[in-house]
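A quick write-up on the structure given underneath.
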Amino acid sequence: MLSLLSVSGITQDTVQLEKSIIIDGVETNTISFAFLVLATGSKSTFPVRPTVFTIEGVKKAFTDFQQDLSKAKKVLVVGGGPVGFEFAGEVTEFYNGTNGRDKKQVTLVSSGKHLLDPTFKQGTHNKALALLKNSGVNTILGQTITLPEGINNGSLGETKTFNLSSGETVEADFILLGIGSRPNNDIVVAGLGQSAVDLKSGRVLVNSTLQLKEYPNIFAIGDINSIAENKMAAWTGAHAAIVGKNIKALISNTPLKDYKAVSPGMLASYGAKAGAGQFFGISPPSFLAAIIKSKSLFASMLWSSANATLSS
């Protein structure tokens with residue numbers, strides 16, 4: 001029977017566990033490997049990433065977050081990527097001044113001048129911007145915001161004032177940080193050295209076969225690797241397929257396969273009935289983005305990937 005174990009460290013040929021286990025009748029906290037796949041992902045704050053790991057704990061955390069949001073008057077969203085864009089859409093659709101729900105004052109601030117992704121076409125940005133503005137979001141692009149150290153997503157307890165690089169200020173009593181996701185590379189740096197990661201992004205340096213450049217028996221997939229593409233769960237399966245083939249190739253001493261990065265693309269929902277995005281240079285109309293993603297948020301796909309049944 002498999003159990004969840006925490007890894008405390010790695011070397012080029014071993015993994016260290018936080019507690020000992022029994023392997024072949026011997027108690028040990030060290031596992032030797034011929035090949036290792038790093039899939040440690042990225043880290044961020046709740047609700048972008050969970051901070052508790054039980055079903056009841058996650059439910060309570062989201063319930064508390066939603067209750068705090070319901071009491072808020074002024075919502076500040078920091079970041080114009082998919083996280084900030086989608087959150088603004090959820091808030092403005094649900095808290096729209098009908099059904100006894102007060103309309104929220106929503107402000108989105110982004111240091112970038114392009115919404116969703118800086119490499120996307122101007123037309124894609126324009127569609128996303130139109131959705132924000134048409135739903136009443138005060139959208140401020142190309143400006144940075146000064147945030148106090150240690151600020152967390154959720155209720156601020158009171159209305160607070162934040163300074164922008166333009167000298168303007170914005171007020172909020174609730175905040176969502178759609179920025180700051182970082183590669184979860186601590187054990188890589190500690191075990192393999194700083195040279196194993198890119199100094200700027202913190203991502204693990206890999207070549208086109210997804211092998212670490214300095215350690216050909218170690219692979220990295222998902223958010224953690226340095227492949228130049230949007231970091232999304234959708235690509236992880238393709239990473240894993242290449243790694244599986246390449247481990248087999250190394251064992252059989254046959255040529256390895258190169259991973260070919262997908263053209264930058266994504267779909268971002270804007271509430272349940274709209275969306276924006278771009279794939280292969282094409283920006284679909286809002287209603288099509290809604291049909292593809294916004295109605296389900298790909299929840300069934302995530303359940304099926306875990307061989308589970310989507311609960312009602």
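Treat the numbers as computed from the prediction; the structure is a model and nothing was measured.
- At least one side-chain heavy atom of Val37 sits less than 4.5 Å from a side-chain heavy atom of Ile247.
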Would you mind writing out the side-chain donor-acceptor pairs for residues 268-277 within the sub-3.5 Å range, not counting sequence neighbours?
{"from": "Ser269", "atom 1": "OG", "to": "Glu86", "atom 2": "OE2", "distance (Å)": "3.4"}
{"from": "Tyr270", "atom 1": "OH", "to": "Ser135", "atom 2": "OG", "distance (Å)": "2.6"}

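- Of the listed residues (Phe65, Phe94, Tyr95, Phe174), just one forms a side-chain contact (heavy atoms from CB on, under 4.5 Å) with Ser70, and that residue is Tyr95.
- For the residue pair Val188 and Ala196, the shortest heavy atom distance occurs at CG1-CB, 4.1 Å.
- More than 12 non-hydrogen atoms from other residues, nucleotides or ligands lie less than 6.0 angstrom from NZ of Lys43.
- Rounding to the nearest 0.5 angstrom, the gap separating the CG atom in Asn29 from the NZ atom in Lys19 is 12.0 Å.
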Chi angles and distances behind the side chain to side chain contact (heavy atoms under 4.5 Å, CB included) call for Asn225, Arg203 = CA-CA 5 Å; Asn225 76 27; Arg203 301 192 189 281; 5.9 Å; no

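- Residues Val75 and Leu176 are not in side-chain contact: their nearest non-hydrogen atoms beyond the backbone lie 4.5 Å or more apart.
- Within 6.0 Å of NZ on Lys231 lie more than 12 heavy atoms contributed by other residues, nucleotides or ligands.
- Contacts of Thr107 classified as side chain to side chain contact (heavy atoms under 4.5 Å, CB included), with partners at least two apart in sequence or in another chain: Leu76, Val109, Asn138, Ile140, Val170.
- Considering only heavy atoms from C-beta on, Val204 stays 4.5 Å or farther from Pro183 through its side chain.
- Take Phe62 and apply the ring pair (Phe, Tyr, Trp, His ring centres under 6.0 Å) test, not counting sequence neighbours, and it matches Phe46.
- In the hydrophobic clustering of ILVMFWY residues, with side-chain heavy atoms under 4.5 Å counting as a link, Val77 and Val137 come out together.
- Under the 4.5 Å side-chain criterion, counting only non-hydrogen atoms from C-beta, Phe219 is not in contact with Val206.
- Linking Ile, Leu, Val, Met, Phe, Trp and Tyr whenever their side-chain heavy atoms come within less than 4.5 Å leaves Leu108 and Ile151 in two separate clusters.
- Considering only heavy atoms from C-beta on, Leu177 comes within 4.5 Å of Leu147 through its side chain.
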I would like to know whether Ile31 and Ile21 meet side chain to side chain contact (heavy atoms under 4.5 Å, CB included); could you show each step before the answer?
-> CA-CA 10 Å; Ile31 300 175; Ile21 59 173; 4.2 Å; yes

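- In this structure, Lys73 places its NZ atom where only 12 or fewer heavy-atom neighbours from other residues, nucleotides or ligands lie under 6.0 Å away.
- A donor-acceptor distance shorter than 3.5 angstrom exists from the side chain of Ser165 to the backbone of Thr144, with no hydrogens or angles considered.
- Side chain of Thr30 to backbone of Thr28: no donor-acceptor contact under 3.5 angstrom is found.
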Indicate every side-chain donor-acceptor pair of residues 50-61 with a distance under 3.5 Å to a residue at least two apart or in another chain.
{"from": "Thr54", "atom 1": "OG1", "to": "Gly57", "atom 2": "N", "distance (Å)": "3.0"}
{"from": "Lys60", "atom 1": "NZ", "to": "Asp64", "atom 2": "OD2", "distance (Å)": "2.8"}

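- No continuous path of hydrophobic side-chain contacts links Ile175 to Val91 [ILVMFWY only; heavy atoms under 4.5 Å].
- Lys104 places a side-chain N or O within donor-acceptor distance of the main-chain N or O of Leu69, the cut-off being under 3.5 Å.
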Begin with the C-alpha distance, continue with both residues' side-chain angles, and end with the deciding distance and a verdict on side-chain hydrogen bond (donor to acceptor under 3.5 Å, both in side chains) for Ser166 and Gln143.
-> CA-CA 7 Å; Ser166 64; Gln143 295 191 39; 2.5 Å; yes

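- The distance from atom OG of Ser8 to atom CD1 of Ile187, rounded to the nearest 0.5 Å, is 8.5 Å.
- For Arg49, the side chain to side chain contact (heavy atoms under 4.5 Å, CB included) criterion is met by Ser42, Ser44, Ser181, Asp223, not counting sequence neighbours.
- Judged purely by atom type and a 3.5 angstrom limit, Asn163 has no side-chain atom pairing as donor or acceptor with the backbone of Thr146.
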How far apart are the C-alpha atoms of Leu38 and Tyr215, what are their side-chain angles, what is the distance that settles it, and do they pass the side chain to side chain contact (heavy atoms under 4.5 Å, CB included) test?
-> CA-CA 12 Å; Leu38 297 170; Tyr215 302 95; over 6 Å; no

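- Using a 4.5 Å heavy-atom cutoff, the side chains of Asn246 and Tyr259 are not in contact.
- For the atom pair CD1 (Ile242) and CD1 (Ile227), the distance works out to 10.5 Å, reported to the nearest 0.5 Å.
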Would you sort out whether Ser195 and Glu214 count as a side chain to side chain contact (heavy atoms under 4.5 Å, CB included), showing the intermediate values?
-> CA-CA 9 Å; Ser195 62; Glu214 296 181 353; 3.2 Å; yes

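- Applying the side chain to side chain contact (heavy atoms under 4.5 Å, CB included) criterion to Gln122, with sequence neighbours excluded, gives His114, His125, Asn126.
- Residues Leu256 and Gln211 have side chains in contact (heavy-atom distance under 4.5 Å, counting atoms from C-beta outward).
- You'll find the side chain of Ile251 reaches within 4.5 Å of the side chain of Phe35, heavy atoms only.
- For the pair Asp117 (side chain) and Thr119 (backbone), a donor-acceptor distance under 3.5 Å is present.
- Judged by distance alone, with hydrogens and angles left aside, the side-chain atoms of Thr40 form a donor-acceptor pair with the main-chain N or O of Asn184 at under 3.5 Å.
- Separating the NZ atom in Lys74 from the CG atom in Asp173 is a distance of 8.0 Å, to the nearest 0.5 Å.
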